[in-house]
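First comes the structure, then the notes that go with it.
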Amino acid sequence: MARIDTSVQIAAPAEVVYAFFVPQRMPYWYGADMQASFEVQDDASDFAVAQKVQITGNLGKREVSHTAVVTALQQPRVFEWRFSDRYGVKGLERWELERVAAPSPQRPPITVVRMRSDYTMPGLVGKAMDWLITRHAVARRNHDYLTRLKRYAEHDPE
């Protein structure tokens with residue numbers, strides 16, 4: 001199993017950052033590179049534990065999708081889901097938000113967001129591809145996701 005850890009400091013309270021972990025806002029930063037859309041079980045407006053989420057988007061000319069099931073949710077501290085796709089890739093993504101600095105007149109509140117991606121790719125070829133290519137692409141993608149989240153949470157969409 002591969003494990004990729006990524007983190008970012010965001011100059012905003014954890015409650016503001018966590019507001020981007022809802023089905024309507026998450027596609028702005030998670031999966032934005034593939035213009036992801038989220039289809040949430042029962043068309044819910046918020047995530048809930050045990051809820052299924054279908055994430056679909058395009059990478060080049062290919063449609064990609066995976067199904068996630070929310071496995072942990074503690075506002076404004078933790079969001080986690082397990083996922084699988086049609087190619088046999090399975091894993092977990094977890095975000096932990098930690099307040100590291102209280103606001104003062106001189107500085108804004110700071111929240112550290114830690115993103116963890118654990119996944120397995122099927123077969124020997126999948127494991128070789130992961131070692132050579134995939135883990136580096138996942139690390140870069142996760143960094144891009146958190147950078148985008150930071151921009152939105154700090155109110156700087158561009």
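Residue numbers count from 1 along this sequence. Just so it is clear, the structure is predicted and the values come from calculations on it, not from any experiment.
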Is the [atom1] atom of [X] crowded by more than 12 outside heavy atoms at less than 6.0 Å?
| X | atom1 | value |
| --- | --- | --- |
| Q41 | CD | yes |
| R62 | CZ | no |
| F83 | CZ | yes |
| Q54 | CD | yes |
| L124 | CG | no |
| H143 | NE2 | no |

Worksheet item: Just one of Y18, Y145, F79, W95 clears the side-chain contact (heavy atoms from CB on, under 4.5 Å) bar with V113, so which one?
Response: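 The residue from Y18, Y145, F79, W95 that satisfies side-chain contact (heavy atoms from CB on, under 4.5 Å) with V113 turns out to be W95.
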
Discussion item. I want to check something: taking the side chain as every heavy atom from C-beta on, are L92 and R116 in contact at a cut-off of under 4.5 Å?
Written reply: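 Yes, side chains in contact.
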
Worksheet item: With a 4.5 Å heavy-atom cut-off, do S65 and D85 have their side chains touching?
Response: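 S65 does not reach D85 side chain to side chain.
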
Of the non-hydrogen atoms in [X] and [Y], which two are nearest, and what is the gap between them?
| X | Y | result |
| --- | --- | --- |
| H136 | L132 | CD2-O, 3.4 Å |
| K127 | M121 | NZ-O, 3.1 Å |
| R148 | D33 | NH1-N, 4.3 Å |
| H66 | S84 | CB-O, 3.2 Å |
| K150 | Q9 | NZ-O, 2.7 Å |
| G88 | P122 | O-CD, 3.6 Å |

Practice prompt. Apply side chain to side chain contact (heavy atoms under 4.5 Å, CB included) to the pair I55 and M34, showing each step before the final yes or no.
Written response: CA-CA 10 Å; I55 302 163; M34 62 181 202; 4.2 Å; yes

Ignoring hydrogens and angles, tell me if any N or O in the side chain of [X] forms a donor-acceptor pair with the backbone of [Y] under 3.5 Å.
| X | Y | result |
| --- | --- | --- |
| R25 | F20 | no |
| E154 | A11 | yes |
| T111 | A14 | yes |

Item to complete: Run the numbers on T147 and V8 for side chain to side chain contact (heavy atoms under 4.5 Å, CB included), then give the verdict.
Response: CA-CA 7 Å; T147 299; V8 66; 5.7 Å; no

Anything under 3.5 Å between a donor and an acceptor, one on a side chain of residues 42-53, the other on a protein residue two or more places apart or in another chain? List them.
unit_1: Q51; atom_1: OE1; unit_2: A48; atom_2: N; d: 3.0
unit_1: Q51; atom_1: NE2; unit_2: D46; atom_2: O; d: 3.4

Practice prompt. Check the pair L73 / F21 against side chain to side chain contact (heavy atoms under 4.5 Å, CB included), numbers first and verdict last.
Written response: CA-CA 10 Å; L73 184 90; F21 287 84; over 6 Å; no

Discussion item. The criterion is side-chain hydrogen bond (donor to acceptor under 3.5 Å, both in side chains); which residues satisfy it with E80, sequence neighbours excluded?
Written reply: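 side-chain hydrogen bond (donor to acceptor under 3.5 Å, both in side chains) check on E80 returns T71, R94.
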
Item to complete: May I have all residue pairs that pass salt bridge (charged side-chain N to carboxylate O under 4.0 Å, His left out) and include part of residues 135-144, sequence neighbours excluded?
Response: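 Listed by first then second residue: E93-R141, D130-R135.
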
Worksheet entry | Transitive ILVMFWY side-chain link L97 to I10, under 4.5 Å |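 Yes, because L97 and I10 connect within a single hydrophobic cluster, where side-chain heavy atoms sit under 4.5 Å apart.
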
Item to complete: Indicate the ring-plane relationship of Y30 and F38, choosing parallel, tilted or perpendicular according to the 30° and 60° boundaries.
Response: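 Because their plane-to-plane angle is over 60°, the rings of Y30 and F38 count as perpendicular.
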
